[in-house]
Amino acid sequence: MRGGRMSPAREISKPRVRFAPSPTGRLHLGSARTALFNWLVARGSDGTMILRLEDTDKERSSPEFEHDILGSLHWMGIDWDEGPDVGGDHGPYRQSERMGMYGEYARQLLGQGKAYRCYCTSEELDARKKAAIADGRAWRYDRRCLELPENERGRLESEGVPYTVRFKVPAGTVTVEDMLRGDVNVDASEIDDFIIVRSDGSAGFHLAVVIDDMTMEVTHVIRGDDHLTNAVRHVLLFEALGARTPKFLHHSLLMGPDGSKLSKRHGSTSVSDYREKGYLHEALANYLALLSWSPGDDREIFLLPELVKEFSIAGVSASKAIFDFDKLNWLNRKHMRRLSASELTDLVVPFLEREGRDAQLALPREKLELAVESVRNGMEVLGDAVEPTDVFVRPAGELDDKARAELRKSAELDDALAMCAEVLGAGPSADMESAERMVAALREGAKGKGWGAKKVLWPFRLAVTGLTVGPDLVYLIIFWGPAGCAERIDATRATMEASGV
RNA sequence: GCCCCCAUCGUCUAGAGGCCUAGGAUAUCGCCCUUUCAAGGCGGCGACACGGGUUCGAAUCCCGUUGGGGGCACCA
């Protein structure tokens, strides 16, 4: 928490914040974190959350991605008060629908001499840039079109040569007031005259963002560190437009395990990937919040409402955040543990469906819940319930090789299994308590013979399930019932005899 | 290359000049529990990047170095 200690989120009075993704891909984990920070600030201080789609890049934007972004946000529990789907007083909320507005402001800047037309083509620019770099000079736009002779300008205009509009960066020092990093000062000479209107007449990113933030009355711009230098341009634009500059907070970027910006080569990076993998939305949101934010004490498990209550900008760190898959897994476990058997089962069912586990799905609901419950502490993600619950739909008497070998090794197998049959015969009921009593009785029985408990319990597992690994014995007893278990043991014996033991 | 940001265990972090022999979590290792796999309990390993200041005293403040990251598009 080096960067700065500003007022807690709830001390900000009615902020208007926005999350402004561009629909050029599925919602990235890093963007989700940005959205979460914005949302926490809004919800923690009676503010307004705005969702704005920055879809000015027609080539790369798609409705499919837009759908994924809204869906992923909703899944995480993030909502908004104004946005493309819910409307609001400052709409429209898609930049593609705001183009007319940008044109007006661009004309205003042009009229005031704060911007100028540039007739340089991309090719010319490219060539001059290459030349500059070859000469070892830093390349910045050379202002050729700002200094165009009048007659030349007139000729180009009358010929209708396409042009871009560039912002005329004034000399001086620009200060970005960042809530996390303090004042960031940059000399304007570092910034070249950037393009605010493209040659096709559409607004560029910087113009669109600033006009939107201005007209949407955004008070706090919370976004990634990668925009810190852009903020310099934005401050310049706000000033040129005579608008109040919002407060900024540039949080650190999400990195992969190797320390570079989290990207596909580190594995899955979209929220929907994690949803599909079987992570709980509570766990993902919790984890994302914990990257760069800390409550200041040892607590780590938070539900969204608790996060809203606890989150404060003062607890946000300015340093890098590496995405740690292990810790996410741990948090997912923690959050799964809070779920009831019924809730967990609801979440597991789609995974059983996806894997075509018809047999499990055909189970009566309470049996399925029991099966899921019995394997829950082995689960890291929801999909982990699929394979381990197979044990409950195995045919009786079917042995895998390891189980068969273990059974053969057992010296007093017949005695042990006879004891199992006896104990199982003692009770028809199949609740947790009586199942525990039966296991206890098996232990007692073993003790009575001077054996360790394993001598009886191990063959019990092997004979009932035909496998060497599986859920706790009490679950087996409840699932099949004492009589069912006894039958399965008999079936295993028959198998053993048939194979000549 | 230029500009900007960042710097505590492998990772996420606590730390607001003396509460620091630097705390927690995760990962890892070991032990315990134990019918299997886990889970759980207990314990171990493990960090203030470096160098200068300021100060009675620095992980904390300042400067420099190094390292990492970001930006320098008619992408956002």
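Note on naming: letters A, B, ... go to the chains in the order of the sequence lines (proteins, then strands), and numbering restarts at 1 for each one.
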Report the residues that fulfil ring pair (Phe, Tyr, Trp, His ring centres under 6.0 Å) with [X], sequence neighbours left out, ordered by chain and then residue number.
X: A:Trp451; value: none
X: A:Tyr279; value: A:Tyr274
X: A:Phe479; value: A:Phe392
X: A:His206; value: A:Phe194, A:His234

Can you sort out the partners of [X] under side-chain contact (heavy atoms from CB on, under 4.5 Å), two or more places apart, ordered by chain and number?
X: A:Lys130; result: A:Asp126
X: A:Leu303; result: A:Glu282, A:Pro305, A:Glu306, A:His335, A:Arg338
X: A:Lys129; result: A:Ile133, A:Trp139

Pairs touching residues 115-134 of chain A that satisfy ring pair (Phe, Tyr, Trp, His ring centres under 6.0 Å), sequence neighbours left out: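 The answer is A:Tyr119-A:Tyr163.
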Going 5' to 3' through nucleotides 19-31 of chain B and flagging B where a protein heavy-atom sits under 4.0 Å of the base, S where only the sugar-phosphate is that close, and - otherwise, we get -----BBSS----
Summary of protein contacts for nucleotides 62-76 of chain B, nucleotide by nucleotide, where a base hit scores B, a sugar-phosphate-only hit scores S (4.0 Å, heavy atoms): -------SSS-SBBB
Please tabulate, one pair per line, all N/O donor-acceptor pairs under 3.5 Å involving side-chain atoms of residues 19-26 of chain A, not counting sequence neighbours.
{"residue": "A:Ser22", "atom": "OG", "partner": "A:Thr24", "partner atom": "OG1", "Å": "3.4"}
{"residue": "A:Arg26", "atom": "NH1", "partner": "A:Ser272", "partner atom": "OG", "Å": "3.3"}
{"residue": "A:Arg26", "atom": "NH2", "partner": "A:Ser270", "partner atom": "OG", "Å": "3.3"}
{"residue": "A:Arg26", "atom": "NH2", "partner": "A:Asp273", "partner atom": "OD1", "Å": "2.5"}

Complementary nucleotide for B:C37 - Watson-Crick or wobble, under 3.5 Å: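 Result: none.
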Partner of B:A25 by Watson-Crick or G-U wobble geometry, both contacts under 3.5 Å, or none?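 Partner of B:A25: B:U11.
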Which of residues 445-458 of chain A have a heavy atom under 4.0 Å from RNA chain B?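 Within residues 445-458 of chain A, the residues near RNA chain B are A:Ala453, A:Lys454, A:Leu457, A:Trp458.
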